[in-house]
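As structure tokens, the structure follows; a few thoughts come after it.
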Amino acid sequence: MNTAEKPAMRVRDMTEGDSIRLILAFAVPLFIGNIFQQFYTMVDTMVVGHSLGDSAIAAVGATSSLYNLLVNLAIGMNSGYGIVVTRHFGAHDQEGLRRSIAGMMVLNMAVTAAVTGLSLLFLRPLLGYMNTPEAIFSQAFTYIAILCGGMLSTVCYNMFSAILRALGNSRSPLYFLIVSCFVNIGLDLALVMGCRLGLAGAAAATVIAQSISALLCGLYTFRCYREYLPRREHFRQIGPLLPDLLSTGFAMALMLCVVDLGSTIFQRANNLLGEAYITAHTASRRLMSIMMQPLGTIATANSTFVGQNWGAKKLERIREALKKVIGLELLWGIFACCAAWIFGGALVRITTGTSDEETVQNAVLSLRLHLSFFPALAVLLCLRTTMQAMGRKTAPVISSCIELAMKILSAWLLIPRLGFLGTCVTEPVTWVLMMIFLIAAYWVQNRRTLPLPEPSPRPSHV
């Protein structure tokens, strides 16, 4: 088998065949990978909680929204760039594919340098602004500073993963992620419990593991997908594609970062409630992240399906698949809701190792209220990723602005008046409002004749 034949065996053309089978086949590796990642996060919380106590969990929780803001900038931009790559792949435009990947690489390096420098420069003022309690400030600063210093590894892994997924390969990023998770867990045990490095050890373990996954994913991409990767001349030809890459990448990043900016403001108000409530909120968020994985992975797989079919100008195929995907998402949302009400207390105790009954009760309250509204979250995720993949950037960004507004309103009115109950009800109400808005936006767009992308040449060798 020659080199040129190898990549073709590892790509998945989703413009032909049964839509739901293609989406599920693409989603399963994503789901397994996310479960491994969430499993690591849960183990990390257990190691930190059992070894360092509730204050360490509170320190991690007090910085989580800030770190998520930075990580989601990387994820959002690469997801946006990946949409452009996916469209060129679906249209069988080889030269456009190479130029879009070249632009993706250049933009990632520039943004990473800027974000890493600015985040480290303004870290202390940001933690102060977020009302991080003095008792955990030092631990929180050490933890987030190490993670920010390792942003390059996070960006590189997401970049190479986005390239592979745009070409229909969701399995290979999974394998590298699994390796990373096991390395992460091993280093957690060695550095936190063995070497007694505290939260600095937990953060260092995360950065090292992410660096390994980025290196493996990059080497695999360059070895097995060389036919699809840019040559030197393609880097000089990225100018015409930069507006599309930047607008799509920043639209995705803006959407996620607006959400996380709201979460940062929201967490600032929640941090004033005290360490016990921060711990309860962190525990419930960890469990919600696990239960949210099927919703997110199916929606992500659907976005790749939509991107390829949009490039191939198959709009009816996109509409039919969306109905089936929403049905699957609703079933999982109902299941997650039932699980929260039946097993909530046991899950919180296992995850945190806390013996404080008030913390457990508050975490269970948060878990039950949030998961009861998972069906609304399911619908909004499906609609948002579909519109993004079709190049409809405005409505998803506006929906994120709705979330930002609701979290600011909650930090200003609900949490000061209702306490932790205000923290628990903010997101469920926000999900319902976002869902209603996106249903209306999608319906309006579907009532119009949507312009399809310009036709591209279809070289026979792709």
Side-chain angles (χ1 to χ4, degrees), residues 6-16 22-23 25-30 33 74-108 155-177 214 217-218 220-230 234 238 241-242 244-253 296-314 318 321 385-391 393 453 456 458-459 462:
K6 290 182 181 180
M9 298 181 65
R10 296 183 175 90
V11 299
R12 178 181 286 117
D13 189 340
M14 303 175 89
T15 60
E16 301 290 343
L22 288 166
I23 291 169
F26 191 85
V28 167
L30 292 178
I75 294 173
M77 293 196 70
N78 279 290
S79 296
Y81 302 152
I83 287 173
V84 178
V85 175
T86 301
R87 290 186 202 138
H88 285 290
F89 178 74
H92 298 265
D93 179 5
Q94 179 83 326
E95 288 302 299
L97 180 66
R98 288 172 175 163
R99 288 195 298 270
S100 61
I101 293 176
M104 184 180 191
M105 292 177 174
V106 171
L107 291 172
N108 266 308
V155 170
C156 286
Y157 173 75
N158 280 284
M159 177 177 69
F160 290 122
S161 295
I163 293 170
L164 293 176
R165 288 167 183 156
L167 299 175
N169 183 349
S170 59
R171 292 187 181 182
S172 298
L174 163 65
Y175 303 145
F176 305 128
L177 185 60
C217 200
Y220 176 79
T221 303
F222 279 99
R223 179 182 176 186
C224 297
Y225 289 83
R226 191 174 299 275
E227 180 182 350
Y228 295 95
L229 296 180
H234 295 112
I238 63 175
L241 279 175
L242 284 179
D244 193 18
L245 284 166
L246 284 169
S247 62
T248 307
F250 276 107
M252 289 285 287
T297 51
I298 292 176
T300 300
N302 182 57
S303 71
T304 299
F305 174 88
V306 171
Q308 287 194 16
N309 282 278
W310 184 251
K313 301 184 290 184
K314 297 185 176 181
I318 293 172
T385 54
T386 296
M387 286 188 277
Q388 288 162 347
M390 293 165 68
K393 305 159 192 170
S456 300
R458 297 173 63 98
V462 181

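Remember, it's a predicted structure, so these values are computed and weren't measured experimentally. By convention here, the first residue in the shown sequence is residue 1.
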Rounded to the nearest 0.5 Å, what separation is found between the CG atom of L164 and the SG atom of C224? 9.0 Å

In sequence, state the C-alpha distance, the side-chain angles, and the governing distance for S100 and M104, and then conclude on side chain to side chain contact (heavy atoms under 4.5 Å, CB included). CA-CA 6 Å; S100 61; M104 184 180 191; over 6 Å; no

Look at the rings of H92 and F89 and say which category their plane angle falls in: under 30° parallel, 30 to 60° tilted, over 60° perpendicular. parallel

Polar side-chain atom of Q308 near backbone of T86 as donor-acceptor pair, under 3.5 Å: no

If every non-hydrogen atom of G96 is compared with every non-hydrogen atom of D93, which pair is closest and at what distance? N-OD1, 3.1 Å

I need the H88 NE2 to I101 CD1 distance, nearest 0.5 Å. 10.0 Å

Compare every heavy atom of P173 with every heavy atom of Y157, then report the nearest pair and how far apart it is. OH-O, 3.1 Å

CE (M105) and CD1 (I238) are apart, to the nearest 0.5 Å, by 11.5 Å

Holding to side chain to side chain contact (heavy atoms under 4.5 Å, CB included), I want the full list of residues that pass it with Y175, two or more places apart in sequence or in another chain. R171

Could you pull out the closest heavy-atom pair between E16 and L22, with the gap in Å? O-CD1, 3.1 Å

Atom pair CG/CG of L229 and L97 - distance to nearest 0.5 Å: 8.5 Å

What pairs with L174 under side chain to side chain contact (heavy atoms under 4.5 Å, CB included), at least two apart in sequence or on another chain? P29, I32, I178

If I take atom CZ from residue F160 and atom CG from residue N108, how far apart are they, to the nearest 0.5 angstrom? 9.0 Å

Check whether any side-chain heavy atom of L167 sits under 4.5 Å from a side-chain heavy atom of Y228, and report yes or no. yes

Side chain of Y220, backbone of Y225: donor and acceptor closer than 3.5 Å? no

Can you name the residues that form a side chain to side chain donor-acceptor pair (under 3.5 Å) with N158, not counting sequence neighbours? none

Partner set under side chain to side chain contact (heavy atoms under 4.5 Å, CB included) for A301, not counting sequence neighbours: I23, F26, A27, L30

On a heavy-atom basis, the closest approach of G307 and A389 is N-CB, 3.8 Å

Residue set satisfying side chain to side chain donor-acceptor pair (under 3.5 Å) with E95, at least two apart, ordered chain then number -> R98, H234

Applying side chain to side chain contact (heavy atoms under 4.5 Å, CB included), name anything that partners L107, two or more places apart in sequence or on another chain. Y81, L242, L245, L246

Side-chain heavy-atom pair S161, F176 within 4.5 angstrom cut-off: no

Among residues at least two apart in sequence or on other chains, which ones pass side chain to side chain donor-acceptor pair (under 3.5 Å) with T15? D13

Tell me, do M159 and M77 make a side-chain contact under 4.5 Å, heavy atoms counted? no

Distance in Å, R165 CZ paired with T304 OG1, rounded so as to fall on 0.5 Å steps: 8.5 Å

Check whether N78 reaches the backbone of A74 with its side chain - one donor and one acceptor, N or O, closer than 3.5 Å. yes

Are K314 and M14 packed together at the side-chain level, in the sense that at least one heavy-atom pair is separated by less than 4.5 angstrom? no

For T385, give me all partners under side chain to side chain donor-acceptor pair (under 3.5 Å), at least two apart in sequence or on another chain. none

When you measure from the side chain of N309 to the backbone N and O of A312, does any donor-acceptor pair fall under 3.5 Å? no

